[in-house]
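In what follows, a single structure is set out as structure tokens and then discussed.
Positions are given from 1, in the same order as the sequence printed here. Treat the numbers as computed from the prediction; the structure is a model and nothing was measured. FYI, side chains are in, hydrogens and waters are out, and symmetry mates aren't considered; it's all heavy atoms of this structure.
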Amino acid sequence: MKPLIAVAGRTLRAGRVAGWRDAAVGAPASYVLAVRRAGAQEGVLLPTPLGLGEAKELLARFDGLLLMGGGDIDPARYGQERRPEITGVNTTRDVFEIDLVRAALDSGIPMLAICRGMQVLNVALGGSLNQHIDDGGSVRHREPDDGYVTHSVRLDPRSRVAAATGLERVESACSHHQSLARLGEGLSPVGWADDDLIEAVEGPSGWVVGVQWHPERTAIEDPAQQNLFDAFVRQAAG
């Protein structure tokens, strides 16, 4: 049996999918294909507030949890007033993913948290975010139209991310206007951009990895990025 990976899906409003009258739930194919190339099967989950107990029951059917990128988390979740740059807040998705993170951590399920997912991981553990980072800094983390840029990330050579990618410096596709501020309980920074912005974190036990970049964007052509999914799926299989 292939490992089964829970992919926390995103909702799409009615009319967003051409030819569909109803709202939809899904995941960009790049995430799913990276999981499948690693030898696993995906299950895309509709965001629904669960509570910790129900989230644990749901994840008991799965071998790993994948959190994707997406819109901003409501700053109220980490005790801040919303700045005008905040976009794409979906309260249901926030609650759903925080429930899943806490359930996965309690159950010891391997987790790969990407971009927004790393921020959800941090907030779920009591951390906070910088709501908007300066686009004019020494390292660009996105294009003005929210497109992707590529920049280098240096990795702690002792980290799970370095072990997975086989590198201590990776070229990574990024598109984010926020960053981690106060770290959540038990998280350790293990990757940094050249402006010292945190780009990767790990949990204190088990295989819990968050990356601020988008490995799924380049995994088909960059073995180091695909290796991150491969390592995640190996842990799920184990």
Donor-acceptor side-chain pairing of Ser179 and Asn130 below 3.5 angstrom: yes
Which pair of non-hydrogen atoms, one from Met68 and one from Gly9, has the smallest distance, and what is that distance? CE-CA, 4.1 Å
Donor on one side chain, acceptor on other, Asp222 and Gln226, under 3.5 Å: no
Side chains of Val44 and Arg10, heavy atoms from C-beta outward: is any pair under 4.5 Å? no
Apart from Val89 itself, its cluster of hydrophobic side chains linked below 4.5 Å comprises Ile86
Kindly indicate whether a cation-pi arrangement holds for Arg217 with Tyr148, taking the cut-offs as under 6.0 Å to the six-membered ring centre and within 45° of the axis. yes
Which pair of heavy atoms, one from Ala6 and one from Leu45, lies closest together, and at what distance? CB-CD1, 3.8 Å
Compute whether any side-chain donor of one residue and acceptor of the other, for Gln225 and Trp213, lie under 3.5 angstrom apart. yes
Closer than 3.5 angstrom, by distance alone: can the side chain of Ser159 be matched with the main-chain N or O of Asp156 as a donor-acceptor pair? yes
Where do Pro3 and Ala237 come nearest, in terms of heavy atoms and distance? CG-CB, 3.5 Å
Under 3.5 Å, side chain of Ser128 to main-chain N/O of Arg182, donor-acceptor pair present? yes
Do any N or O atoms from the side chain of Asn227 and from the backbone of Asp230 form a donor-acceptor pair under 3.5 angstrom? no
Here the pair of heavy atoms bringing Leu65 nearest to Val101 is CD2-N, 4.3 Å
Are His141 and His177 close enough that their ring centers fall under 6.0 Å? no
Is a side-chain donor-acceptor pair under 3.5 Å present for Gln178 with His176? no
How is the hydrophobic cluster of Ile220 composed, in terms of its other members, when Ile, Leu, Val, Met, Phe, Trp and Tyr link through side-chain heavy atoms under 4.5 Å apart, directly or indirectly? none
